[in-house]
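Input: a single structure, listed below in structure tokens.
Both backbone and side-chain heavy atoms feed into the values below; hydrogens, waters and symmetry mates do not. Just so it is clear: chains get the letters A, B, ... in the order the sequence lines come, proteins before strands, and each one is counted from 1.
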There are 2 protein chains.
Amino acid sequence: MSQQRTGHEAGITGRVGAVTPSAVLGSQPDFPDLPEATVARLPEYLRALHHLAETGHDTVSSEGLALAAGVNSAKLRKDLSHLGSYGTRGVGYDIEPLVGQIEYILGLNKRRAVALVGVGNLGHALAGYAGFASRGFRIAALFDADLTRVGELINGIAVRHIGDIPEVVKSEAISIAVLATPAGAAQAVADQLVAAGVTSILNFAPVVLNLPEQVDVRKVDLAVELQILSFHEHRKSARGAELAKAMARGAVNGSPVATLGEVAA
Amino acid sequence: MSQQRTGHEAGITGRVGAVTPSAVLGSQPDFPDLPEATVARLPEYLRALHHLAETGHDTVSSEGLALAAGVNSAKLRKDLSHLGSYGTRGVGYDIEPLVGQIEYILGLNKRRAVALVGVGNLGHALAGYAGFASRGFRIAALFDADLTRVGELINGIAVRHIGDIPEVVKSEAISIAVLATPAGAAQAVADQLVAAGVTSILNFAPVVLNLPEQVDVRKVDLAVELQILSFHEHRKSARGAELAKAMARGAVNGSPVATLGEVAA
DNA sequence: CGCGATTTGTGCACCTGTTCACAAGCGCTT
DNA sequence: AAGCGCTTGTGAACAGGTGCACAAATCGCG
Ligand SMILES: NC(=O)c1ccc[n+]([C@@H]2O[C@H](COP(=O)([O-])OP(=O)(O)OC[C@H]3O[C@@H](n4cnc5c(N)ncnc54)[C@H](O)[C@@H]3O)[C@@H](O)[C@H]2O)c1
Ligand SMILES: NC(=O)c1ccc[n+]([C@@H]2O[C@H](COP(=O)([O-])OP(=O)(O)OC[C@H]3O[C@@H](n4cnc5c(N)ncnc54)[C@H](O)[C@@H]3O)[C@@H](O)[C@H]2O)c1
């Protein structure tokens, strides 16, 4: 399957810029109204562009970039056209300024401080993840409720107690948090984070968080992903079995090809 | 934000049942054509239903289940209506048969065998993840290329060398694999998995995999999720700043309220 | 300097998915 | 048995997203 699934099929609606006070503002030239679907693809374009830059390219065609990002080229062009024009007809896109523009739009000029709460099995792995730093983020704080874990150094940064959340979130100006606590603790921790000033949460716990409107929540759930794959496996085998039966029927009837053709026509 | 984002906004298209040989088959009564968006939400409904069942409920209204799953109730009803009718007007849905039906559709009756490749930082955490087992899957094999890791026991299961992939995938009838190798190795490993018979891959490496049409690939990328959140942070602060400026302008002009009202009208 | 090859940017038709709003159906009560 | 309140299931309108197909723009070359 060359068109790859990347998360978030559900519940997207609306143009991202068109928020409450937009009547006063219109859509600023420096901050266009982007379709949510486009926003979700920009990071993938950015990754592909960085890869191309590293492998010595200066420009890339929509076809080439689309291939590298796993989308179709018309979609890619339309997405990029929302950012303003960074391509040259007959040539392609200049990689460097395009990278700059996407990074600007995504708010990655300044390295964003991120807090990670719940330094268990998963949290440990995340805390040690290099791609975190290389793609625009800085783990500014680790928190856990377990006192035996507090003080532990991971990747050079000390685990602090969740009681310190208000203080640290303020002093480090943290607006994004990653939640890797057990499901049962997630809502309470999220509430504390929001109270401390966090406005975006990436939630790994398998629960729906109930938070104020203005807080952005994204959810990653391994089991959900596997279950979707499982559905497709089930479908494939069900179809296969039915197909086999149909073919058997056809063969018994004596003219399988005609049967196929008839029904299809 | 009460409407939570759950992954996969991009590139979904088409009704899931309507695949190549469907002309012969029609849509089977036991395997309805589900919209892809619906499929992506079923796991969330299932999780919510299990939770409700555990907390002593027998039935639930669309409103209640929608709340627990973080969607709106009309959407939920439409989704469930695709599975056939499991609700009673005036009452709600019977939890037990509904759970059964969703599990059947998702192919979770039999516990599916999953292989995990790349037992590093992240792979370790995944291998030890309890939610794996509790939500319909069984880690049937762990693989790594690093010989010093081969033989290591994780959660009672031994790490094997990737050279054993063909043999083990066959003997354990594995159709789903989780890929947690470095990006550079991912494509090659994916090719090996597919050659061995794997038909669904959950990819944690930040690369687009190029695989045959009939292989389902889903991708989870932490950095992408954070970058989407970063975009929203950027937007929020840009809007905030513009709003402040607009208000300041209004105040200087002498009639901020009128200005606001005028432009909005 | 003009022409052909190339590639972007986009209008448009199509399609999927969401949401509203309400008729139909069910059970409980009187 | 009829009425009433509640909740499902769905038709229909709408919104958003996708992809085709082509005109417009640019480059390189003769
Ligand atoms: N491990 C995985 O691969 C994996 C995969 C997908 C999802 N998840 C989810 O991620 C979460 C964490 O999984 P895990 O395997 O790391 O679990 P874990 O039990 O190993 O780690 C949880 C950590 O959270 C800490 N914690 C508990 N209550 C807390 C609180 N109130 N505040 C702060 N910290 C608290 C614990 O002390 C522990 O360190 C779970 O919700 C799990 O379902 C895990
Ligand atoms: N650690 C995280 O939190 C995290 C988060 C998101 C994404 N990722 C991605 O997940 C992948 C793994 O991350 P990690 O931090 O665990 O890296 P890691 O280096 O700790 O682990 C990688 C493992 O893969 C093994 N490996 C290397 N080549 C292999 C091959 N050809 N076949 C089989 N195994 C092979 C290595 O021996 C090692 O055990 C990376 O692509 C990373 O970008 C990691």
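Distances shown here put a side-chain N or O of A/Arg41 below 4.0 Å from the OP1 or OP2 atom of D/dT18. Put simply, A/Tyr86 has no side-chain N or O that comes within less than 4.0 Å of OP1 or OP2 on C/dT7. Contact between the side-chain N/O atoms of B/Tyr93 and the OP1/OP2 oxygens of C/dC26 is not found at any separation under 4.0 Å.
B/His232 and A/Glu36 form a side-chain donor-acceptor contact under 3.5 Å, judged by distance and modelled atom types alone. For the residue pair A/Tyr45/A/Asp79, the side-chain donor-acceptor check at 3.5 Å is satisfied.
To the nearest 0.5 angstrom, B/Leu229 atom CG is 9.5 Å from A/Ile201 atom CD1. Note: B/Leu98 CG to B/Thr59 OG1 = 11.5 Å, rounded to the nearest 0.5 Å.
In the interface, the side chain of B/Lys78 is not paired with the base of C/dT18 through any donor and acceptor atom under 3.5 Å apart.
Between B/Lys219 and A/Glu225 there is no salt bridge, since none of the side-chain N atoms of the basic residue sits less than 4.0 Å from a carboxylate O of the acidic one. Between A/Lys236 and A/Glu233, at least one side-chain N (NZ, or NE/NH1/NH2) sits under 4.0 Å from a carboxylate O, which counts as a salt bridge. A salt bridge between A/Arg135 and B/Asp221 is present, with a side-chain N of the basic residue lying under 4.0 Å from a carboxylate O of the acidic one.
Residue A/Arg77 places its side chain closer to C/dT8 than to any other of C/dG17, D/dG9, C/dT8. Nearest to the side-chain atoms of A/Asn72 among the listed nucleotides C/dG17, D/dC20, C/dT19 stands D/dC20. Among the nucleotides D/dT18, C/dT7, D/dT10, the one closest to any side-chain atom of A/Ser61 is C/dT7.
Following rounding to the nearest Å, B/Leu34 (CG) and C/dT16 (P) show an atom-to-atom distance of 14 Å. The separation between A/Asp79 atom CG and C/dT10 atom C1' is 13 Å, rounded to whole Å. One can place CG of A/Leu76 at 14 Å from P of C/dT7, the figure rounded to the nearest angstrom. Across the protein-nucleic acid pair, B/Asp33 atom CG and C/dG17 atom P stand 12 Å apart, rounded to whole Å. One can place CG of A/Leu65 at 14 Å from P of C/dT7, the figure rounded to the nearest angstrom. Taking atom NZ of A/Lys75 as the reference point, atom P of C/dT16 lies 13 Å away to the nearest angstrom. In this structure, A/Glu63 atom CD and D/dC20 atom C1' are separated by 13 Å, rounded to whole Å.
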* Structure fact -> Going 5' to 3' through nucleotides 23-30 of chain D and flagging B where a protein heavy-atom sits under 4.0 Å of the base, S where only the sugar-phosphate is that close, and - otherwise, we get -BBBS---

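Here A/Ser85 lies in heavy-atom contact (under 4.0 Å) with sugar-phosphate atoms only.
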